Trainee: 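Handing you this structure, nothing more for now.
From a predicted model like this one, the values you see are computed outputs, not experimental measurements.
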Amino acid sequence: MSYICHSGYGYSKKLCEDVTSWFLNNFFPNHKITVDIVHRGLNREQVYGYCDVVGEYHRPRHFLIEMNTYMGKELYVKTLLHELTHMKQWVDGMLRSRYGKLCYCKEPVEKWEYWYQPHEVEAREEEERLYEWYLTDKQNESSVKQFSNRLCSSI
């Protein structure tokens with residue numbers, strides 16, 4: 001069983017829980033992962049979000065995701081999925097800390113400029129794919145609920 005804790009201001013609690021639960025259920029249904037999501041002003045840092053490991057870097061299962069506040073719904077969901085993709089990279093062992101350096105597939109990412117670092121390239125690609133998948137699942141879920149409600153009410 002995984003745990004989701006969220007705090008801060010300027011965000012939808014329901015959306016935060018929904019997206020994170022959806023991600024964990026699809027990728028880590030049998031893992032025990034703790035995700036702390038903190039919403040705060042990140043404008044000075046000019047970022048939308050961060051994902052960090054809490055505690056041990058070896059087989060991490062506790063993560064801190066920091067999200068900028070007051071984003072539109074689409075940007076918020078895509079940013080959260082981007083940061084959750086980084087979490088997945090850590091859990092899968094693709095992203096690691098080796099000798100104090102961040103490595104992707106055992107290669108130090110400092111060799112590339114930020115925009116071209118392979119873990120960031122993958123996360124940007126995944127955020128788009130996952131966003132479409134999430135919307136499709138939510139649309140199917142709501143049409144199934146509507147259909148079952150009509151059946152229940154006509155009985």
Side-chain angles (χ1 to χ4, degrees), residues 1-97 101-105 107 109-110 112-146:
M1 173 184 243
S2 293
Y3 297 96
I4 303 165
C5 302
H6 52 83
S7 63
Y9 59 93
Y11 72 103
S12 165
K13 294 170 180 68
K14 184 178 178 181
L15 184 60
C16 177
E17 288 176 10
D18 191 55
V19 171
T20 307
S21 295
W22 175 86
F23 188 91
L24 291 170
N25 288 329
N26 278 291
F27 291 100
F28 303 112
N30 301 317
H31 285 66
K32 292 181 181 178
I33 295 175
T34 301
V35 185
D36 295 324
I37 305 171
V38 177
H39 299 81
R40 64 185 187 88
L42 295 174
N43 290 340
R44 285 186 185 149
E45 297 163 58
Q46 298 180 337
V47 297
Y48 293 126
Y50 290 112
C51 177
D52 292 315
V53 172
V54 175
E56 294 291 320
Y57 283 104
H58 178 71
R59 296 188 54 159
R61 294 297 183 265
H62 188 177
F63 299 89
L64 170 64
I65 293 177
E66 295 181 80
M67 297 282 291
N68 199 0
T69 56
Y70 304 115
M71 289 188 272
K73 185 177 178 180
E74 181 178 342
L75 179 59
Y76 179 84
V77 172
K78 285 181 178 182
T79 301
L80 184 52
L81 290 170
H82 179 103
E83 300 310 326
L84 289 166
T85 298
H86 288 315
M87 181 191 75
K88 182 179 183 306
Q89 293 167 338
W90 280 104
V91 173
D92 291 344
M94 299 300 288
L95 199 55
R96 298 179 181 188
S97 178
K101 294 183 180 182
L102 185 63
C103 297
Y104 182 79
C105 296
E107 284 291 318
V109 298
E110 65 189 20
W112 294 278
E113 288 181 41
Y114 173 79
W115 192 256
Y116 300 106
Q117 291 174 352
H119 69 292
E120 289 296 338
V121 171
E122 179 186 22
R124 281 193 305 275
E125 291 170 358
E126 283 296 289
E127 78 184 43
E128 296 296 330
R129 184 184 73 82
L130 293 171
Y131 181 71
E132 293 303 320
W133 181 11
Y134 172 77
L135 291 180
T136 301
D137 277 3
K138 291 300 148 186
Q139 187 176 32
N140 291 339
E141 187 179 287
S142 75
S143 66
V144 166
K145 282 181 183 175
Q146 287 174 359

Trainee: Does Asp18 reach the main-chain N or O of Lys14 with its side chain, forming a donor-acceptor pair under 3.5 Å?
Mentor: no
Trainee: Leu95 and His86: which non-hydrogen atoms are nearest, and at how many Å?
Mentor: CD2-O, 4.2 Å
Trainee: Return the NZ to NE2 distance between Lys88 and His31, rounded to the nearest 0.5 Å.
Mentor: 9.5 Å
Trainee: I'd like to check Glu45 versus Tyr50 (side-chain heavy atoms, cut-off strictly below 4.5 Å). Are they in contact?
Mentor: yes
Trainee: Look up atom NZ in Lys73 and atom OG in Ser12, then write down how far apart they are to the nearest 0.5 Å.
Mentor: 8.0 Å
Trainee: Taking all non-hydrogen atoms of both residues, which atom of Val53 and which atom of Pro60 are closest, and how far apart?
Mentor: CG1-CB, 3.5 Å
Trainee: Could you grab the distance from atom CD1 of Ile65 to atom SG of Cys5, nearest 0.5 Å is fine?
Mentor: 12.0 Å
Trainee: Can you label the angle between the Phe23 ring and the Phe27 ring as parallel, tilted or perpendicular, going by 30° and 60°?
Mentor: tilted
Trainee: Please name the pair of heavy atoms, one in Gln89 and one in Ala123, separated by the smallest distance, quoted to 0.1 Å.
Mentor: NE2-N, 4.3 Å
Trainee: Side-chain contact test, heavy atoms from C-beta onward, threshold under 4.5 Å: evaluate it for Asp36 versus Phe63 and give yes or no.
Mentor: no
Trainee: Is there a donor-acceptor pair under 3.5 Å between the side chain of Thr20 and the backbone N or O of Ile4?
Mentor: no
Trainee: Verify side chain to side chain contact (heavy atoms under 4.5 Å, CB included) between Glu66 and Val47, making sure each step is shown before the conclusion.
Mentor: CA-CA 10 Å; Glu66 295 181 80; Val47 297; over 6 Å; no
Trainee: Rounded to the nearest 0.5 Å, what's the gap from CD1 on Ile37 to CG on Leu64? Could you check?
Mentor: 9.5 Å
Trainee: For Met71 versus Asn68, what's the shortest heavy-atom pair and its separation?
Mentor: CE-O, 3.2 Å
Trainee: Is there a side-chain contact between Lys78 and Glu128, using heavy atoms and a 4.5 Å cut-off?
Mentor: yes
Trainee: Write down the atom of Trp90, the atom of Arg96, and the distance for their closest heavy-atom approach.
Mentor: CZ3-CA, 3.5 Å
Trainee: Can you check whether Ile33's main-chain N or O pairs, donor with acceptor, with Ser2's side chain at less than 3.5 Å?
Mentor: yes
Trainee: Between Leu135 and Val77, is the side chain to side chain contact (heavy atoms under 4.5 Å, CB included) condition met? List the steps.
Mentor: CA-CA 10 Å; Leu135 291 180; Val77 172; over 6 Å; no
Trainee: Are His62 and Val35 close enough that some pair of their side-chain heavy atoms sits under 4.5 Å apart?
Mentor: no
Trainee: Taking all heavy atoms of Leu24 and all of Met87, pick out the closest pair and write down the distance.
Mentor: CD2-CE, 3.7 Å
Trainee: Taking side chain to side chain contact (heavy atoms under 4.5 Å, CB included) as the definition, give me every residue that meets it alongside Arg124, ordered by chain and number, with sequence neighbours left out.
Mentor: His82, Trp115, Glu120, Val121, Glu127
Trainee: Answer yes or no: is there a side-chain heavy-atom contact under 4.5 Å between Arg61 and Lys32?
Mentor: no
Trainee: Quick one: sort the Tyr76 and His39 rings into parallel, tilted or perpendicular, breaks at 30° and 60°.
Mentor: parallel
Trainee: Compute both the distance and the angle, then confirm whether Lys13 meets the cation-pi test with Tyr11: under 6.0 Å from the six-membered ring centre, within 45 degrees of the axis.
Mentor: yes
Trainee: Would you call Phe28 and Val91 a side-chain contact if the rule is heavy atoms closer than 4.5 Å?
Mentor: yes
Trainee: Looking at side-chain heavy atoms only, is the closest gap between His119 and Leu102 below 4.5 Å?
Mentor: yes
Trainee: Counting heavy atoms not belonging to Tyr104, are there more than 12 under 6.0 Å from its OH?
Mentor: yes
Trainee: Does Tyr116 OH have over 12 foreign heavy atoms under 6.0 Å away?
Mentor: no
Trainee: With a 4.5 Å heavy-atom cut-off, do Arg40 and Leu42 have their side chains touching?
Mentor: yes
Trainee: Mind checking the CG-OG1 spacing from Leu130 to Thr85? Nearest 0.5 Å is all I need.
Mentor: 5.0 Å
Trainee: What distance do Leu15 atom CG and Lys138 atom NZ have between them, rounded to the nearest 0.5 Å?
Mentor: 10.0 Å
